[in-house]
Colleague: 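Input: one structure, supplied below.
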Amino acid sequence: MSLRGKAAIVGAALAGCGEAHGRTSMDITIEAVHGALADAGVKLSEVDAIATCQPLDLLSGLTLVQELGIAPKFTMNNRMGGSSFLSHTMWAAMLLETGLAETVVICYGSNQRTASGKLMTAIGLPTYEAPYKPMFPLSSYALAADRHMHQFGTTREQLADVAVAARGWAQKNPEAFVRDPLTREDVIASRLISDPLRVRDCCLVTDGGAALVMRRAEVAVDHPQPPVYFLGGGEGTTHRDISEMADLTVTGAAQSGAAAMAMAGVSAADIDVVQLYDAFTINVILFLEDLGFCKKGEGGAFVQGGRIAPGGELPVNTNGGGLSCVHPGMYGMFTLVEAVRQLRGQTGERQIEGAELALCHGNGGVLSSQVTNILGTSATL
Amino acid sequence: MTINTFEGPGPDAQFAEMLAAGDFRIQRCGECDAYVFHPRPICPHCGAAALAWVEPSGAGTVYAKTIVHRRPEKGGDYNVVLVDLAEGVRMMSRVDGVEPSGITTGMAVQASIGEGMNGEPAVIFTPTGGAQ
Ligand SMILES: [Zn+2]
């Protein structure tokens with residue numbers, strides 16, 4: 001049984017993006033849920049399954065149920081880091097297709113910027129890494145960047161071009177947190193943190209929340225917004241600790257992307273708009289390779305010269321991404337919301353004309369969990 | 001009924017005890033002959049509960065490196081590396097005895113027991129003057 005086109009996203013919303021002073025992570029999450037239900041024209045009492053995971057509350061699924069005052073049939077709290085929500089959409093599609101649930105809400109929120117000013121995480125250093133004090137998670141990505149540069153000759157300038165492209169998109173998005181001009185030279189001159197990664201290679205630390213409502217395809221057309229169909233999904237988990245990753249230049253996105261595209265019956269060349277979890281600049285290069293947008297080792301050259309920037313051949317992270325738009329920790333949720341908005345044609349100046357097919361990709365841990373979703377308009381069914 | 005496959009402290013505790021006594025050991029599988037690091041209860045290659053401690057050669061190659069930038073008053077910059085041992089296993093570590101700019105991916109290194117960043121016993125590496 002394929003899940004292709006069996007379920008759809010009928011509501012989506014953001015909340016508290018940027019700075020949400022005095023508000024808890026759950027406050028922000030609930031505002032996003034409220035917004036997504038309004039967008040979908042669905043009553044809270046209709047929600048019979050929820051999925052979430054939060055930065056510090058390990059039982060956040062229970063907290064969410066309590067604070068919403070609902071009694072869902074399914075409470076999904078499965079947690080793989082920032083990729084979790086792209087896995088939640090697959091579970092949602094399965095629950096909907098099997099008739100075990102009618103209305104699924106998937107959500108996230110974090111107040112990490114105003115509460116702590118840095119990444120909030122429940123994860124500590126692994127036993128066999130702790131004696132060497134790598135920065136968590138930054139040094140793990142720095143090691144991957146170093147290896148990619150060593151093995152394929154990827155350059156400092158190519159990494160910078162990923163950040164420059166993200167900023168270009170953010171400048172077209174009034175909701176993006178940072179919209180100042182950014183040049184390749186600015187990125188290369190920014191403060192070195194864990195070589196070769198500099199501060200402008202790193203995602204933002206912001207507050208923010210996001211939520212989606214999913215329903216079965218046959219009822220999705222009864223909602224106010226054009227449905228965005230779930231066409232395919234796939235996962236790839238390769239390790240937890242960076243010292244256990246077999247090849248730092250090949251991620252589980254090779255597996256997750258292939259599975260998602262096989263289910264959807266599409267290839268990379270068919271995709272109109274791409275939303276990748278860009279925790280660090282190297283991630284975008286790795287994922288574009290592993291997802292099949294270019295060959296292994298050619299990601300650096302691929303992102304050069306504005307190919308993924310506004311006006312380029314392949315629109316990547318059209319909201320500005322975690323690098324320039326919003327990054328409240330587990331960013332995967334935000335790839336989905338931006339894809340929904342693009343496929344509905346609601347993104348104003350940054351709209352990709354005729355966007356019918358979107359690829360969303362989430363990353364969790366230290367390149368550990370990779371999850372890909374393919375979403376499409378009714379034209380792709 | 002419980003079948004006790006293992007007795008005594010687990011592999012992490014055994015590794016730590018040996019390291020504190022000055023012995024760096026990795027595991028080798030008695031079923032499939034694969035070397036294993038970090039320490040585990042069963043072989044991640046074949047699933048056998050047949051891992052035994054062996055002494056590695058200590059020869060390794062830097063697989064990847066990063067220099068963590070830290071303010072001088074907090075101790076200054078330090079390096080974090082991934083090293084591939086000659087036995088085919090990888091570990092996180094630090095390269096001592098060379099300036100950060102002298103550490104290159106692909107350089108040959110040799111293990112010894114030194115101190116981790118918190119003063120604990122830890123496997124560290126020094127350059128042997130070769131490169132791969
Ligand atoms: Zn074995």
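Below, chain A is the first sequence line, B the second, and so on; all start at residue 1.
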Colleague: Which residues in residues 70-89 of chain B have any heavy atom closer than 4.5 Å to a heavy atom of chain A?
Modeller: B/Tyr78, B/Val80, B/Val81, B/Leu82
Colleague: So what's closer than 4.5 Å to chain B heavy atoms on A/Ala246: side chain, backbone, both or neither?
Modeller: backbone
Colleague: Side chain from CB out, backbone as N, CA, C, O: work out which of these in A/Ile193 comes under 4.5 Å of a heavy atom of chain B, or both, or neither.
Modeller: backbone
Colleague: Using a 4.5 angstrom heavy-atom cutoff, name the option from A/Leu248, A/Ile242, A/Asp241, A/Thr127 with the most pairs to chain B.
Modeller: A/Leu248
Colleague: Test of understanding: with ring-ring contact (aromatic ring centres under 6.0 Å, His included), list the residues that count as partners of B/Phe37, not counting sequence neighbours.
Modeller: A/Tyr128, B/Phe15
Colleague: Between B/Gly119, B/Ala122, B/Ser93, B/Pro121, which residue shows the highest count of heavy-atom pairs closer than 4.5 Å to chain A?
Modeller: B/Ser93
Colleague: Grab the two heavy atoms, one from A/Ala115 and one from A/Met120, that are nearest each other, plus how far apart they are.
Modeller: CB-SD, 4.3 Å
Colleague: Heavy atoms only, distances under 4.5 angstrom: which of A/Arg191, A/Glu244, A/Gln151, A/Met149 has the most pairs with chain B? Name it, please.
Modeller: A/Glu244
Colleague: Which pair of heavy atoms, one from A/Leu291 and one from A/Ala268, lies closest together, and at what distance?
Modeller: O-CB, 3.9 Å
Colleague: Only heavy atoms, only distances under 4.5 angstrom. Which residues in residues 18-35 of chain B are near chain A?
Modeller: none
Colleague: Sort A/Leu197 into side chain, backbone, both or neither according to what part of it lies under 4.5 angstrom from a heavy atom of chain B.
Modeller: neither
Colleague: Tell me which donor-acceptor pairs under 3.5 Å the side chains of residues 133-140 of chain A have, and how far apart each pair is, sequence neighbours excluded?
Modeller:
residue: A/Ser139; atom: OG; partner: A/Met135; partner atom: N; Å: 2.9
residue: A/Ser139; atom: OG; partner: A/Ser194; partner atom: OG; Å: 2.9

Colleague: Does the distance from a Lys or Arg side-chain N to an Asp or Glu carboxylate O, for B/Arg94 and B/Asp96, drop under 4.0 Å?
Modeller: yes
Colleague: Any chance the side chains of A/His148 and A/Gln158 put a donor and an acceptor closer than 3.5 Å?
Modeller: no
Colleague: Which of these, B/Thr66, B/Thr104, B/Thr105, sits in a side-chain hydrogen bond (donor to acceptor under 3.5 Å, both in side chains) with A/Asp146?
Modeller: B/Thr105
Colleague: Would a 4.5 Å heavy-atom cut-off, applied to side chains only, mark A/Arg167 and A/Thr183 as touching?
Modeller: no
Colleague: Would you say that A/Val371 contacts A/Asn363 through its side chain, given a criterion of any heavy-atom pair below 4.5 Å between the two side chains?
Modeller: no
Colleague: So does A/Arg113 pair up with A/Asp207, basic N to acidic O under 4.0 Å?
Modeller: no
Colleague: Regarding A/Glu289 and A/Lys296, does a basic nitrogen lie under 4.0 Å from an acidic carboxylate oxygen?
Modeller: yes
Colleague: Determine, stepwise, if the pair A/Val316 / A/Leu276 fulfils side chain to side chain contact (heavy atoms under 4.5 Å, CB included).
Modeller: CA-CA 7 Å; A/Val316 175; A/Leu276 308 174; 4.0 Å; yes
Colleague: What residue in B/Glu120, B/Glu115, B/Lys65 has the most heavy-atom pairs under 4.5 Å with chain A?
Modeller: B/Lys65
Colleague: Side-chain donor-acceptor pair under 3.5 Å between A/Asp247 and A/Thr249, yes or no?
Modeller: yes
Colleague: Tell me, for A/Ala130 versus chain B, whether the close heavy atoms (under 4.5 Å) come from the side chain, the backbone, both or neither.
Modeller: backbone
